[in-house]
Amino acid sequence: MTDVLTEQEEAVPFYPMERGGSCPFDPANQLAALATEQPITRVRLWNGNHAWLVTKNADLRAAISDRRLSCDPRLPGFPHVTAFVETRRGDAPRTLIEMDFPEHTTYRRMLTKDFLYKRVEAMRPRIQEIVDGLIDRMLESTGPVDLVAAFALPVPSLVICELLGVPYDDHEFFQVRSNVLFARDATAEQAMKAFQELAVYLGGMMQKKAAQPGDDLTSRLVAEQLTTGAIGPDSLVAMLILLLTAGHETTANMISLSALTLLQHPEQMAELRDKPEMVPDAVEELLRYLTVAQSGARRVATEDIEIGGHLVKAGEGVILAFDTANRDTSVFAEPEVFDIHRDDTGQHVAFGFGSHQCVGQQLARAELQIAVRTLVQRVPTLRLAQSVDSLQFRKDMAVYGVQGLPVSW
């Protein structure tokens, strides 16, 4: 999850952390042990600074809703994920995930209506068309094919491109730079270069939308927010970068890992094939079980606060661990077991919690539900083309995933 050491251990490299044991989806063994033995733990970060690691579900929910914990990465003591984020702490425009109330509320409202449940439901036929087209193309091959490249990545990439009005022909350009931004071992210089190149690209696209608006989110934001002065051009660029990168990275990794998980649980995969009405609940369990956001939510205390019986002083950093919170034994029965029938999945925090929940979570759910249902029904003989042990997982990224997933049918 995070590149951390307990305060008592020697300062040896602990980055990136391995997911746990024999299962590539479990939290790191060290984090699982902390969640049981020391739920609020003082930890050492990649840069030698310290922060508090929160691993329990209830503690996380309470902390993430407390306005005394700030998302602002410019504040002293903030537990930065990478050197790039730390370098940008000056006057660089911030994104939604780096804003506190009331600024966060103001900017979030600019996006809310585009991600409402009813709006997303209206997008389902187009998402289904995209999914079917990709599976058609995949089945034209004799296999094996890489499910990541052929299916998992193009689904959310096409959707977010159409939503934002970004030409899909440019997807390789932003995917390459997105990978750099999400790579925890990228240097500050590499990440800044990727960010600036995306900023130039999106800045140019905003100018085109101002001159020739289309039926897309970027055109609306330019017309309703930028031209009225409600948002500045740099802030709008930062918002679009977040939507463009996070809008495909997280869902793409969820689709590929969901397929892998179901292939490892063939009885449950067969049940979803026969009972497609179970897919929505299965997707919630996949979100809980996999928890691809593996860097946690980062905060810094603006005043003294108590979390789980521990005093966190003003200026101290806090990391809220979603993966361990979604494996909390006090909330989930046998949390290490993947079970599409469980009735406690609704307590998961894969999309965060409270006012900072992912603004695009309804869209992500729709994409996952359509992708999973269609894949298991249209490719009933889907199977791995190589062993799980030989797969390369994205342990060096802020978002967990698998580098490639060769499959046959």
Side-chain angles (χ1 to χ4, degrees), residues 60-81 85 88-120 123 160 163-166 181 195 198-199 202-203 205-207 209-210 213-247 249-250 293 296-303 305 314 317-318 320 349 351-365:
L60 183 149
R61 285 169 175 261
I64 207 169
S65 302
D66 197 311
R67 291 181 182 173
R68 293 173 294 177
L69 291 180
S70 173
C71 306
D72 192 340
R74 300 171 300 181
L75 296 178
F78 190 90
H80 298 283
V81 181
V85 180
R88 287 184 63 240
R89 62 179 286 185
D91 296 325
R94 288 165 295 123
T95 64
L96 275 176
I97 60 175
E98 299 170 325
M99 294 177 179
D100 296 324
F101 176 86
E103 184 183 30
H104 173 265
T105 304
T106 300
Y107 279 76
R108 188 181 179 95
R109 283 174 179 164
M110 297 179 185
L111 301 172
T112 300
K113 69 180 182 181
D114 294 277
F115 294 97
L116 290 173
Y117 176 79
K118 291 178 69 173
R119 180 69 180 270
V120 170
M123 296 173 63
I160 198 65
L163 182 64
L164 295 180
V166 176
L181 292 180
F195 184 89
L198 282 170
L202 291 168
M205 189 182 75
M206 284 160 46
Q207 292 179 346
K209 299 295 183 182
D215 183 19
D216 55 70
L217 176 56
T218 304
S219 294
R220 185 183 68 75
L221 289 173
V222 168
E224 296 180 10
Q225 308 297 337
L226 182 62
T227 59
T228 62
I231 189 172
D234 290 343
S235 294
L236 180 52
V237 163
M239 181 184 289
L240 293 175
I241 288 176
L242 175 65
L243 293 173
L244 186 62
T245 56
E249 280 285 347
T250 50
R298 306 291 173 117
R299 301 288 189 270
V300 63
T302 57
E303 57 183 276
I305 177 177
V318 175
L320 307 171
V349 289
F351 289 118
F353 183 74
S355 62
H356 274 273
Q357 286 187 76
C358 173
V359 70
Q361 62 179 292
Q362 298 304 337
L363 178 59
R365 281 189 170 97

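Everything numeric in this text was worked out from a predicted model, so none of it was measured.
Between L243 and L217 the shortest side-chain heavy-atom distance falls below 4.5 Å. In this structure, the side chains of T302 and L69 stay at 4.5 Å or more apart for every pair of heavy atoms. Between D216 and V166, the closest side-chain pair of non-hydrogen atoms is not below 4.5 Å. Residues P79 and V318 are not in side-chain contact: their nearest non-hydrogen atoms beyond the backbone lie 4.5 Å or more apart. Taking the side chain as every heavy atom from C-beta outward, R61 and V349 approach each other to under 4.5 Å.
Formation of a donor-acceptor pair under 3.5 Å by the K209 side chain with backbone atoms of A223 is not found in this model. Of the possible donor and acceptor atoms, none in the side chain of S219 sits under 3.5 Å from a partner among the backbone N and O of P213.
Scanning both residues, L202 and V237, for their nearest heavy atoms gives CD1-O, 4.2 Å. In plain terms, the two heavy atoms of L96 and H104 that are nearest each other are O-CD2, 3.2 Å. Among all heavy-atom pairs drawn from A246 and T250, the shortest one is O-OG1, 2.9 Å. The minimum heavy-atom distance linking L164 with T218 is given by the pair O-OG1, 2.6 Å. Closest approach of I241 to F195, counting heavy atoms only: CD1-CE1, 3.7 Å. Here the closest heavy-atom approach between residue L363 and residue F115 is recorded as CD2-CE2, 4.0 Å.
Legend: residues meeting salt bridge (Lys or Arg N to Asp or Glu O under 4.0 Å) with R67, ordered by chain and number and at least two apart, are absent. Residues forming a side-chain contact (heavy atoms from CB on, under 4.5 Å) with E103 (at least two apart in sequence, or on another chain): R94, M99, Y107. Taking E303 as the reference, R68 meet the side-chain contact (heavy atoms from CB on, under 4.5 Å) condition, with sequence neighbours excluded. The side-chain hydrogen bond (donor to acceptor under 3.5 Å, both in side chains) test applied to S70 returns D100, not counting sequence neighbours. Residues satisfying the side-chain contact (heavy atoms from CB on, under 4.5 Å) criterion with T105, sequence neighbours excluded, are F101, R109. In this view, A297 and I64, R299, L320, F322 satisfy the side-chain contact (heavy atoms from CB on, under 4.5 Å) rule, not counting sequence neighbours.
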Does the side-chain contact (heavy atoms from CB on, under 4.5 Å) test come out yes or no for L111 and M239, once each step is laid out?
CA-CA 10 Å; L111 301 172; M239 181 184 289; 3.6 Å; yes
Would Y117 and Q362 count as a side-chain contact (heavy atoms from CB on, under 4.5 Å) here? Give the steps.
CA-CA 6 Å; Y117 176 79; Q362 298 304 337; 4.0 Å; yes
I'd like to know whether L221 forms a side-chain contact (heavy atoms from CB on, under 4.5 Å) with L236, so could you lay out the CA-CA distance, the side-chain angles of the two residues, the decisive distance to 0.1 Å, and finally the verdict.
CA-CA 8 Å; L221 289 173; L236 180 52; 3.8 Å; yes
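For residues 223-238, the pairs satisfying side-chain hydrogen bond (donor to acceptor under 3.5 Å, both in side chains) are R220-E224, with sequence neighbours left out.
Atom CZ of residue F353 and atom CG of residue L60 lie 9.0 Å apart, to the nearest 0.5 angstrom.
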